[in-house]
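First listed ligand is number 1; within each ligand, the first listed atom is number 1.
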Amino acid sequence: MEEKIEKAFEKARSFTPDNAGELEQFRIEYLGKKGVITELFHDFKNLPPTQKKQTGKLLNELKNYVQQKITATGKVLSDKEEYSSDIDLTLPANQFQLGSRHPISIVRKEIIEIFSKIGFTISEGPEIEDDWHVFSALNFPPEHPARDMQDTFFISKDPDILLRTHTSSVQVRVMEKTSPPIRTISPGRVFRNEAISARSHCIFHQIEGLYVDKDVSFADLKQTLEYFAKELFGEETKIRLRPSFFPFTEPSGEMDVSCRCKGQGCKLCKNTGWLEVLGCGMVDPNVLRACKINPEVYTGFAFGLGIERIALLKYDIKDIRMYFENDVRFLNQFSGTV
Ligand code: DAH
């Protein structure tokens, strides 16, 4: 029997497979159910006990040798296959396409950073709102014509649940749950029942600002807005405030910034030298009262701006619809801006 084992050893040693198939054949030949080693173990059982020790040792050596040979040769073969396959590792890799931030995100981030520097926090509110937070608490009486300017999409009537028309609703939410001093900005998406055109859309974005404390004056409002305009449009930017009307502020104003054409006249400012940027004013005492803040003790200012409009002025975008069309030729122009 020892001779048989030696022969099998000899054969196993001289075996050099060329591929995985041959190696598998080898495995079956030695370790398979009817393989050489399996049969040798079978014969081994019938040996007289005096021979078992010596032969058993030899048989185990053969088995270990074959097992190790299969593992080691298998690895060599699979490495060989990997490197000799059709993949050309010297070719350049697929390019990873880097996207760009959306202009609305760029401008929103920039505005948030400007106000964060002077201590404004960020607050948010729901896009689906009730009448109280969008209109009533903001001093829009039920039949007031100011409501017509902000027609929107109603989800239900009685109680009135609707898509918010402005982020001013977040003012109310913040004042209801925090007591002054309050210094916050509220970025968010708003909705209006508007015909879609180059200048207006039924979905757009706003940022609301609110500052409530003791002794807050119109001078504070003007100073804050001037700082904002210079940070956003450049140090040489000038601002002007024109009287206006909003139900929730008294007095109310609209802020213009000087145009890049410096009054030379251009299409963007329609030769006026000024660009309208935002609405603002001193928080109406009725609004403070609706939010349970005493107007005899506290005063405040508020402002609201449209992000689409600011981005339009900053990047000279001709048509507001481009923001929502997902045209990569438009979006790619903002790559690299963080
Ligand atoms: N909510 C106004 C709008 O959507 C913008 C606005 C104007 C907000 C004056 C204010 C403000 O806070 O004081 O047209």
Side-chain angles (χ1 to χ4, degrees), residues 108 111 115 120-127 129 131-140 144-153 162-176 182-194 199-213 216-226 228-229 239-257 275-288 290-291 293 295 298-310 312 320:
R108 179 181 52 200
I111 297 173
F115 282 105
F120 279 73
T121 60
I122 298 160
S123 43
E124 283 180 306
E127 290 174 2
E129 265 292 9
D131 179 278
W132 171 255
H133 291 94
V134 177
F135 296 124
S136 300
L138 287 166
N139 203 30
F140 285 80
H144 197 280
R147 286 188 181 226
D148 292 347
M149 312 237 316
Q150 299 197 9
D151 186 20
T152 186
F153 304 99
L162 46 103
L163 297 183
R164 68 179 176 192
T165 55
H166 51 183
T167 42
S168 304
S169 55
V170 189
Q171 271 192 38
V172 180
R173 290 200 172 265
V174 171
M175 284 193 278
E176 280 175 338
I182 295 168
R183 215 179 327 172
T184 191
I185 52 168
S186 321
R189 190 158 42 179
V190 300
F191 308 84
R192 284 190 200 178
N193 185 9
E194 295 262 1
R199 293 266 132 197
S200 63
H201 209 287
C202 57
I203 303 172
F204 54 103
H205 299 79
Q206 287 189 332
I207 295 188
E208 186 78 12
L210 176 70
Y211 190 178
V212 182
D213 201 350
V216 176
S217 71
F218 200 89
D220 296 318
L221 169 63
K222 196 176 165 195
Q223 172 61 38
T224 305
L225 293 181
E226 188 168 6
F228 164 65
I239 64 161
R240 85 175 177 188
L241 286 161
R242 285 176 289 105
S244 184
F245 171 81
F246 299 101
F248 36 91
T249 41
E250 185 59 38
S252 303
E254 267 166 76
M255 182 181 87
D256 299 339
V257 295
L275 304 164
E276 186 187 321
V277 165
L278 55 79
C280 59
M282 301 306 291
V283 180
D284 195 294
N286 284 344
V287 176
L288 294 174
C291 301
I293 291 175
Y298 293 105
T299 50
F301 68 71
F303 56 88
L305 54 87
I307 305 181
E308 275 78 358
R309 177 155 175 81
I310 304 268
L312 197 119
I320 204 166

Among residues at least two apart in sequence or on other chains, which ones pass side chain to side chain donor-acceptor pair (under 3.5 Å) with Asp220? Ser217
For the pair Arg189 (side chain) and Arg164 (backbone), establish whether a donor and an acceptor sit closer than 3.5 Å, ignoring hydrogens and angles. no
Using atom types as modelled and distance alone, determine if a side-chain donor or acceptor of Thr152 lies under 3.5 Å from a backbone N or O of Leu163. yes
For Thr121, does its backbone N or O pair with a side-chain atom of Thr184 as donor and acceptor, under 3.5 Å? yes
Pairs under 3.5 angstrom, nitrogen or oxygen on both sides, ligand 1 versus protein: list them out, please.
| from | atom 1 | to | atom 2 | distance (Å) |
| --- | --- | --- | --- | --- |
| ligand 1 | 1 (N) | His166 | ND1 | 2.9 |
| ligand 1 | 1 (N) | Ser168 | OG | 2.9 |
| ligand 1 | 4 (O) | Arg192 | NH2 | 2.8 |
| ligand 1 | 4 (O) | Gln206 | NE2 | 2.9 |
| ligand 1 | 12 (O) | Gln171 | NE2 | 3.3 |
| ligand 1 | 12 (O) | Glu208 | OE2 | 2.5 |
| ligand 1 | 12 (O) | Phe303 | N | 3.4 |
| ligand 1 | 12 (O) | Phe303 | O | 3.4 |
| ligand 1 | 13 (O) | Ala302 | O | 3.2 |

According to the interplanar angle, ranging from 0 to 90°, do the rings of Phe135 and His166 count as parallel (below 30°), tilted (30 to 60°) or perpendicular (above 60°)? tilted
If you take the centroid of each ring, where Trp contributes its six-membered ring, are Phe228 and Phe120 closer together than 6.0 Å? no
